[in-house]
Novice: 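Okay, here's the structure, questions in a sec.
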Amino acid sequence: MKRIVLIFFTIIIGSCSNHNEKFQINIPVNVINKSIVIKKDVLEELNLKKSFETKSAVYFLENLKYQKHDIGPREETYSGLINEFYKNQDSLYLRINGIKDKFPKDIESYDINLVSKQNIINNIELTNKTFLESNWKNKISLDIYCQYLLPYKVNNEPFTTDWKNNFRNEFIKENGSFIFRENLISAATKVHKWLFTKKSRFRLYSNEIGLNIPDLSVDTLDKLMFGSCHEISAVGVGYMRALGIPAAIDFAPTYLNINAGHEWSSVVVDSIKCIPFDITTKEMNIIKKDFYFFSKVYRKTYTPSKDSHFAQRGTCSFLPEFFNNPFIRDVTNSYTKTSNIKIPVVNDVKSKYCYICVFNRRTLSWSPVGWGKIENRDAFFSNVGNGGVYLAVIAEESGVIPINSPFILNKEGEMTFLKPEISNIRSVKLVRKINSNQFKEDQKDRMIKGVFQGSNYSDFRQPVDLYTIKKNPGDYFNNIQLPHKKNQAFRYVRYYSPKNSFGNVGEIEFYELGVASPIRGKVIGTEGSFFDNPKCTKEAAFDGNLLTYFDSNLPDHSWVGLDLNSKKDISKIRFISRNDMNCVQVGNIYELFYWNEGWKSLGRKTAKTTFLIYTNVPKKSLLWLRNLTEGNEERIFTYENGKQVWW
């Protein structure tokens, strides 16, 4: 218990530079001088006459001095590998995976040392030319044009020439220039549809287990057919901008109710409205599951934001890195219903700044996702996403202090503090350590109407149905005892899946009459797997690992089974669906915690059945059930009306 509390109170300790409430970004004198010279030279050569063009060029050039990139062996190696081996994606994947985490951080350098006057002129002229061709040119504000269309880069990648021109020409060559006659939303939709086809076989890896690819030029990233949301979102933004459509990368540092964050592409319509998109998803405006909730969403910008945390407080080493970035803007209210909230400060604190946190099992702590200010012993936070549990804290070099109890901010924006009633305890029944969701339930539902069959022909041309699955099989092994029949022994046995199921099954065991251990045999069945994932082939149904599963590349009637080499009398079948194994597992050791100014243990228990009973739980508690034996997916919950309610 002491270890968990210690992690919470030490994980973000560090220091914070003085900022004196004034926006400052320290820039070397030589960079400022170079930017002044380039600005003068570019404006003289462009000789712009139209107000919009002049203002946008000045805006762009005045902010050029802030732009930086990372360069060194890491960036050069990744770029070199992708550009050399992109025609063989399997080989490229192995090479990139083989060098992951082998390089020190590259050196940060200013773009002004890399770009030339002509580079800048070409970018301004091409961007303006494309924009003026569009039917939406009079609908876009100067700020949006400068922030999300004119920049020559998407992230912190080194400058490269011609990517806008190359992306534009590639699209027009295949589709024509018709999109410039469309309205903005229609044009963006058509570009997205084309990109989805182009990237339909892209293999997506999460940032947490990804390939650690650095920020690279978008034309290099476009050659990848695998990567994380970071790489694919940059490509999406690059193509939109190349075709005159304002676009940005938006990101959620940590979702409100799951242990992960995400980033994606977004078409920026105006200061409020945007159309998020993911080019690996068929439709626009689909970037997450419906049951993932936003706590905070930020947008990456070209120019520094005076409303950013950095502009107010400066660099803080004890906070997540995105707080130190002046080039982000809070756009949470573009994505979800939000509230402006006030929290009484019950502890004695001196800080003017406070942070709103969400629970994050990956870090064994509460993760700060937004910031606010303290005035007259009240903490104020703006644009906080509704529908979850938060904890407000102060964070200083000396440590972290919660300023009040955790609280529920419901979907209507009403707050309920979770302060445990220590003298009022009750009994609770716990069945999972993290919530299921509709997606997970749908995966188990895929086995309904699936059939286990036996045959003495390898092609199953005369199958005998042994058992048909009639309901959701749940998270546990199903034990099916078969009636004994004479003259019904089989050499071949299989699971034959229903329509729209992709053959999904976690593990299968066939038992011979009178034998206690499952039969071994040669794995047979539908070849391949969804997105050619080597972990999801037919062999996964017999590998003894309950977390692996068969996931076919064919939606209907895939099958997986065994060649037993000789006829066997099958007496029993055991199977488990594709699942996350986050229900209470017999034999595993669990520990339940409740929050009371830190996580307090309610004791350890070894599960003897598929649920746990704790009789000493204070009412109105925020709870956390940990599996100390295996697994790391866990979420906080409350206990209401006899059930776990997940947050």
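These values consider heavy atoms only, across backbone and side chains, with no hydrogens, waters or symmetry-generated copies.
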Novice: Of all the heavy-atom pairs spanning H309 and L319, show the shortest one and how long it is.
Specialist: CE1-CD1, 3.6 Å
Novice: Please confirm whether R494 makes a cation-pi placement over W559, using NZ or CZ under 6.0 Å from the six-membered ring centre and within 45° of the ring normal.
Specialist: yes
Novice: For I408 versus V389, what's the shortest heavy-atom pair and its separation?
Specialist: CG1-CG2, 3.7 Å
Novice: When rounded to the nearest 0.5 angstrom, what is the spacing between CG in L602 and CZ in F593?
Specialist: 9.0 Å
Novice: Check whether any side-chain N or O of N588 sits under 3.5 Å from a backbone N or O of T606 as a donor-acceptor pair, and report yes or no.
Specialist: no
Novice: If you count every heavy atom of other residues, nucleotides or ligands that lies below 6.0 Å from K605 atom NZ, does the total exceed 12?
Specialist: yes
Novice: Verify the ring-centre separation between Y495 and F550: is it less than 6.0 angstrom?
Specialist: no
Novice: If only atom types and distance count, is the side chain of N545 paired as donor or acceptor with the main-chain N or O of D543 below 3.5 Å?
Specialist: no
Novice: If you take the centroid of each ring, where Trp contributes its six-membered ring, are Y292 and W264 closer together than 6.0 Å?
Specialist: no
Novice: Could you tell me if the side chain of N404 sits less than 4.5 Å from the side chain of F417, heavy atoms only?
Specialist: yes
Novice: Quick one: pull up CZ in F359 and CG in L391 and give me the separation to the nearest 0.5 Å.
Specialist: 11.5 Å
Novice: Is K619 paired with E421 through a side-chain N to carboxylate O contact shorter than 4.0 Å?
Specialist: no
Novice: Apply salt bridge (Lys or Arg N to Asp or Glu O under 4.0 Å) to the pair K444 and D475, showing each step before the final yes or no.
Specialist: CA-CA 8 Å; K444 289 178 280 189; D475 294 298; 3.0 Å; yes
Novice: Nearest 0.5 angstrom please: K342 NZ to N376 CG, how far?
Specialist: 10.0 Å
Novice: Look up atom OG in S200 and atom CZ in F531, then write down how far apart they are to the nearest 0.5 Å.
Specialist: 7.0 Å
Novice: Please report the shortest heavy-atom distance between P368 and P320, naming the atom on each side.
Specialist: O-CG, 4.0 Å
Novice: Does Y353 reach the side chain of W371, with side-chain heavy atoms less than 4.5 Å apart?
Specialist: yes
Novice: Regarding K296 and D330, does a basic nitrogen lie under 4.0 Å from an acidic carboxylate oxygen?
Specialist: yes
Novice: What pair of heavy atoms forms the shortest contact from G387 to F293, and how long is it?
Specialist: O-CD1, 3.8 Å
Novice: Taking R578 for its side chain and G503 for its backbone only, find out whether a donor-acceptor pair lies under 3.5 Å.
Specialist: no
Novice: Look up atom CZ in F202 and atom CZ in F196, then write down how far apart they are to the nearest 0.5 Å.
Specialist: 13.5 Å
Novice: Are E263 and K300 within salt-bridge range, i.e. N to O under 4.0 Å?
Specialist: yes
Novice: F477 ring centre to R574 NZ or CZ under 6.0 Å, with the angle to the axis within 45°?
Specialist: yes
Novice: Please tell me whether Y390 and F381 form a close aromatic pair, meaning their ring centres lie under 6.0 Å apart.
Specialist: no
Novice: Do the side chain of R626 and the main chain of L628 share a donor and acceptor less than 3.5 angstrom apart?
Specialist: no
Novice: Strictly below 4.0 Å, N to O, side chains only: are D556 and K499 in salt-bridge contact?
Specialist: no
Novice: Please check this pair: side chain of T629 against backbone of I589, looking for a donor-acceptor N/O pair closer than 3.5 Å.
Specialist: yes
Novice: Are the side chains of L211 and S228 in contact, using a 4.5 Å heavy-atom criterion?
Specialist: no
Novice: Work out which heavy atom in Q644 is nearest to a heavy atom in V431; give both atom names and the distance.
Specialist: OE1-N, 2.9 Å
Novice: Got a sec: does the NZ of K620 have more than 12 other heavy atoms crowding it under 6.0 Å?
Specialist: no
Novice: Is it the case that atom CG in D290 sees more than 12 heavy atoms from other parts of the structure closer than 6.0 Å?
Specialist: no
Novice: Given the side-chain rings of Y255 and F294, with only the six-membered ring counted for Trp, is the space between their centroids under 6.0 Å?
Specialist: yes
Novice: With side-chain contact (heavy atoms from CB on, under 4.5 Å) as the test, would you mind laying out the steps for F452 and I508 before giving the verdict?
Specialist: CA-CA 10 Å; F452 290 95; I508 305 171; 3.9 Å; yes
Novice: One thing to verify: whether K535 and D551 come together as a salt bridge, which I'm taking to mean a side-chain N less than 4.0 angstrom from a carboxylate O.
Specialist: no
Novice: Could you report the tightest heavy-atom contact between S266 and Y335, atom names first, then the distance?
Specialist: OG-OH, 3.5 Å
Novice: Using a strict cut-off of less than 4.0 Å between a Lys/Arg side-chain nitrogen and an Asp/Glu carboxylate oxygen, indicate whether E396 and R313 qualify as a salt bridge.
Specialist: yes
